[in-house]
A.B. asks: 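Below is a structure I'd like to ask you about.
So you know, we letter chains A, B, ... as the sequences are listed, proteins then strands, and number each from 1. For clarity, every value in this text was computed on a predicted model and none was experimentally measured.
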2 protein chains.
Amino acid sequence: MTNIKDLAKLAGVSVTTVSRVLNDHPYVSKEKRDAVLKAIEATNYYKNINAVHLSKGKTNMMGVVVPFIDHTYFAFLIKGIAKQALKNNYKLVLFQTEYQKERELEALEMLKLKQIDSLIFCSRACDFAIIEEHMSFGPIVLCEHIEGKRISSSYVNQYNVFFEALEYLFEKGHHRIGYSIGRRTGTNSYEREMAYRDFLTKYQLPLHQEYIIDGCLYFEDSEKVMKRIKQMAKPPTALLITSDQVAAGIVTYCQANGIAIPEELSIIGFDNQPIAKMMNITTIDIPLFEMGENLFLQAVAEEISNKEMSVKLIERGTA
Amino acid sequence: MTNIKDLAKLAGVSVTTVSRVLNDHPYVSKEKRDAVLKAIEATNYYKNINAVHLSKGKTNMMGVVVPFIDHTYFAFLIKGIAKQALKNNYKLVLFQTEYQKERELEALEMLKLKQIDSLIFCSRACDFAIIEEHMSFGPIVLCEHIEGKRISSSYVNQYNVFFEALEYLFEKGHHRIGYSIGRRTGTNSYEREMAYRDFLTKYQLPLHQEYIIDGCLYFEDSEKVMKRIKQMAKPPTALLITSDQVAAGIVTYCQANGIAIPEELSIIGFDNQPIAKMMNITTIDIPLFEMGENLFLQAVAEEISNKEMSVKLIERGTA
DNA sequence: TTGTACGCGTTATCAG
DNA sequence: CTGATAACGCGTACAA
């Protein structure tokens, strides 16, 4: 494998000069440049990027942590990140954690070892303290808002969104409202639960733990939701479904089983994914793609910033 | 940042010795090892992995090329790859190409520059010749079968699968059969089209170009399919849908629009995704996860191998 | 069992 | 404008 030294010898110049033409640096005469270029041609030389990485202490690689690669929510996020990565000449290293802390740690470790320059956590299971410990090794960006901590993030104000959606349903006459969610833990889920509790308190509604349905991520999880509801003596009349995928599944289920939407059951989805539009599902528009772009930009930025994404309710036919 | 040299000085040993304990190599006395370990503790030293990469000429990173990250088919594949990557201590670098050749080239370039050790193409737009040119830089694995070429691959015999599915529909009395597909180009699509043509020829059926519906990847693309069909004077009575996502969309559409399945329209999906099971869709089971695992293993293997995945028709309610 | 010395390939500094 | 030369940090023959 020919290297920069060989080129230098071949072109009759120094390695410095070779490096200069390789990186389009100024201060090199046309003759020498051509000589180097010729040598490059002749040897079909190519850089060893690892040497560059070592020398620069930088890899132009960014880590992206997601629990599930096949979940639409994260896929959209990644799409946004990938767009900016392409634009800024970064490569993406993907970590699928399934919410296992060791895997999240692996990503952090790579940041520490300088294999990646920065790291985006689209979601996490580990303690914030662990994240904090690694912040000195490179930029880390989160998808949640952590009060009083100096760390970049792009996030949705889950509390407000949830509260508003609940009020919307309440105004439509619903007093028994439930919700489905991916997991109960995590900042975002916590915010939602707070909103839910505060909403119930505000309107003096009772809290039914069974109205909160956990582990709902995919289209097919809708079956679980519906079966759960069927067994209830007093089932909710409206549901906040924190993924349009699941919402679509529920709508499908109801169509197949003769349950009228929104008359018998109202549904509000989340994300405003294409499937929600196609199926005319009322949903909360969350600009995931844009959020992904933000995340990337924040991960390469010098300063810390926090960006709250603007969301809005899209009124359609299911609520 | 403390390095191996500092450690050596601190522990009063040579860098070699440090390197030995760092990498669990034999031939180092307990005292020296402890001394080194102590130095490591004291300095909270950690490796610069890029130096390792340079020195070893290897990164333990694997590239994965997919056109669309948010497509379930590829997500499943990646899941399988990710599982083995984790097991074998490899990291994944993701390339979302949207079938743009330059982006595929970027991935190949990274292989050339040794930033990744090997490369998996889950799908591609570029010429095979380009791939071939890069095979000397590291293992490349494909998801298609290319006759007479020495390159590893895990693939489905698209021709046979398609032909059998078509015959299944024919036996059910269908003479007007169409199909939807992600794109018309590519080895796999070509094989399917060949099967389709041969099937028509075998039963002396006419070829309607309009029965082949292109650009169908996502759930919501089903709308396009159905609208297209509606406009036909003689619409197909059965459809092979090369993604369960799209098939699910079609079933949903039909339910909402009072089209009886399978009486008025028969549907066979592809992949046997969870959504197909939930919606009782007849489909072709393709072990994507396992295929992903294979791809990884082939990408780290010394020898070239070709693995045809076994598939089977899952009879359910839509055909 | 231990250490010296060099290689890995590139970039950056600094003197000319 | 050009070129020595010193990093960058680690692995590893080879010698001892």
Side-chain angles (χ1 to χ4, degrees), chain A residues 1-37 39-40 43-61 89 109-117 137-138, chain B residues 1-40 43-61 109-117 137-138:
Chain A
M1 225 204 65
T2 129
N3 63 20
I4 205 175
K5 224 179 227 161
D6 302 333
L7 285 184
K9 203 171 292 171
L10 208 72
V13 299
S14 71
V15 290
T16 315
T17 304
V18 176
S19 178
R20 285 213 183 90
V21 337
L22 246 30
N23 298 292
D24 280 324
H25 284 179
Y27 304 134
V28 38
S29 66
K30 186 163 179 356
E31 301 85 59
K32 301 232 171 191
R33 159 164 283 122
D34 288 345
V36 173
L37 257 23
I40 292 175
T43 56
N44 58 39
Y45 157 90
Y46 45 93
K47 271 193 200 179
N48 180 327
I49 203 103
N50 292 316
V52 179
H53 291 337
L54 172 59
S55 191
K56 291 212 177 190
K58 192 170 177 308
T59 60
N60 269 43
M61 307 244 278
N89 192 30
E109 204 62 19
M110 274 184 70
L111 184 66
K112 186 171 176 176
L113 302 186
K114 296 186 180 312
Q115 189 159 8
I116 52 179
D117 294 342
F137 302 118
Chain B
M1 224 205 70
T2 130
N3 62 21
I4 205 175
K5 222 180 229 163
D6 302 332
L7 286 184
K9 202 171 294 171
L10 209 72
V13 300
S14 70
V15 290
T16 314
T17 303
V18 175
S19 177
R20 285 212 181 91
V21 335
L22 246 29
N23 297 293
D24 280 325
H25 283 177
Y27 303 134
V28 38
S29 67
K30 187 165 180 352
E31 302 85 58
K32 301 232 171 195
R33 158 164 286 122
D34 288 345
V36 172
L37 256 23
K38 218 177 92 188
I40 292 176
T43 58
N44 58 36
Y45 157 90
Y46 47 92
K47 273 191 199 180
N48 180 328
I49 204 107
N50 292 316
V52 180
H53 292 336
L54 172 59
S55 192
K56 289 210 177 189
K58 193 170 177 305
T59 60
N60 268 44
M61 308 243 277
E109 204 64 17
M110 275 184 68
L111 185 67
K112 188 170 174 176
L113 302 186
K114 299 188 181 309
Q115 189 160 6
I116 51 180
D117 294 342
F137 301 118

A.B. asks: When you measure from the side chain of A:Val15, which nucleotide among C:dG9, C:dG3, D:dT5 comes out closest?
C.D. replies: D:dT5

A.B. asks: Kindly give the heavy-atom pair with the smallest separation between A:Leu54 and B:Leu54, and that separation in Å.
C.D. replies: CD2-CD2, 3.3 Å

A.B. asks: Over all strands shown, is A:Lys32 touching base, sugar-phosphate only, or nothing at heavy-atom distances under 4.0 angstrom?
C.D. replies: sugar-phosphate

A.B. asks: How is B:Val13 classified with respect to the nucleic acid when contacts are heavy atoms under 4.0 Å: base, sugar-phosphate, or nothing?
C.D. replies: sugar-phosphate

A.B. asks: When you measure from the side-chain N and O atoms of B:Asn3 to the phosphate of D:dC8, is any distance below 4.0 Å, counting only OP1 and OP2?
C.D. replies: no

A.B. asks: Taking side chain to side chain contact (heavy atoms under 4.5 Å, CB included) as the definition, give me every residue that meets it alongside B:Lys9, ordered by chain and number, with sequence neighbours left out.
C.D. replies: none

A.B. asks: Any idea which of D:dA4, D:dT12, C:dT11 is nearest the B:His25 side chain?
C.D. replies: D:dT12

A.B. asks: Take B:Ser55 and B:Tyr27, find for each the nucleotide of DNA chain C with the closest heavy atom, and name the residue whose nucleotide sits nearer the 5' end.
C.D. replies: B:Tyr27

A.B. asks: Provide, to the nearest angstrom, the distance between the NZ atom belonging to B:Lys56 and the P atom belonging to D:dC8.
C.D. replies: 22 Å

A.B. asks: A:Lys58 has an atom NZ; how far is it from atom C1' of D:dG9, in whole Å?
C.D. replies: 19 Å

A.B. asks: From CZ of B:Arg33 over to P of C:dG3, roughly how many Å is that when rounded to an integer?
C.D. replies: 13 Å

A.B. asks: Determine: side-chain N/O of A:Tyr46 to OP1/OP2 of C:dT10, distance under 4.0 Å, yes or no.
C.D. replies: no

A.B. asks: Have a look at B:Asn50 and say if it touches a base, only the backbone sugar-phosphate, or nothing, with a 4.0 Å heavy-atom cut-off.
C.D. replies: nothing

A.B. asks: Is B:Lys38 atom NZ crowded by more than 12 heavy atoms from other residues, nucleotides or ligands, each under 6.0 Å away?
C.D. replies: no

A.B. asks: Using atom CD1 of B:Ile40 as one end and atom C1' of D:dC10 as the other, report the distance to the nearest whole Å.
C.D. replies: 13 Å

A.B. asks: Check every strand shown and say whether B:Thr17 touches a base, only sugar-phosphate, or nothing at a heavy-atom separation below 4.0 Å.
C.D. replies: sugar-phosphate

A.B. asks: Nearest to the side chain of A:Ser19, heavy atoms from C-beta on, is which of C:dT11, C:dA12, D:dG9?
C.D. replies: C:dT11

A.B. asks: Taking all heavy atoms of B:Lys114 and all of A:Asn48, pick out the closest pair and write down the distance.
C.D. replies: CD-ND2, 4.0 Å

A.B. asks: Is any side-chain heavy atom of B:Met61 closer than 4.5 Å to one of A:Met61?
C.D. replies: yes

A.B. asks: Let me know, please, whether A:Lys30 or B:Lys5 comes out on the 5' side of the other along DNA chain D by nearest nucleotide.
C.D. replies: A:Lys30

A.B. asks: Going by modelled atom types, is there a donor-acceptor pair between the base of C:dG3 and the side chain of B:Arg20 at under 3.5 Å?
C.D. replies: yes

A.B. asks: Give the rounded distance in Å between these two atoms: CG of A:Leu54 and C1' of C:dA12.
C.D. replies: 13 Å

A.B. asks: Remember a base hit wins even if backbone is also touched, and classify B:Ser29 as base, sugar-phosphate or nothing at under 4.0 Å, heavy atoms.
C.D. replies: sugar-phosphate

A.B. asks: If we only count heavy atoms from C-beta on, is the B:Leu10 to B:Thr43 side-chain gap below 4.5 Å?
C.D. replies: yes

A.B. asks: Record whether the side chain of B:Thr16 comes under 3.5 Å of the base of D:dT12 through a donor-acceptor pair of N or O atoms.
C.D. replies: yes

A.B. asks: Could you tabulate the donor-acceptor pairs under 3.5 Å formed by side-chain atoms of residues 11-22 of chain A, not counting sequence neighbours?
C.D. replies:
residue: A:Ser14; atom: OG; partner: A:Thr16; partner atom: N; Å: 3.4
residue: A:Ser14; atom: OG; partner: A:Thr17; partner atom: N; Å: 3.3
residue: A:Ser14; atom: OG; partner: A:Thr17; partner atom: OG1; Å: 3.2
residue: A:Ser19; atom: OG; partner: A:Asn23; partner atom: ND2; Å: 3.4

A.B. asks: Across the strands shown, which category fits A:Lys47 at heavy-atom distances under 4.0 angstrom: base, sugar-phosphate, nothing?
C.D. replies: sugar-phosphate

A.B. asks: Just report the end-to-end axis angle for the helix from C:dT1-D:dA16 to C:dG16-D:dC1, five pairs per end, to 10 degrees.
C.D. replies: 40°

A.B. asks: Take the protein atom CG of A:Asn23 and the nucleotide atom P of C:dG9, then report the distance between them rounded to whole Å.
C.D. replies: 17 Å

A.B. asks: When rounded to the nearest 0.5 angstrom, what is the spacing between CG in B:Leu113 and CZ in B:Phe137?
C.D. replies: 9.0 Å

A.B. asks: Just how far, in rounded Å, is P of C:dG7 from CD1 of A:Ile4?
C.D. replies: 17 Å

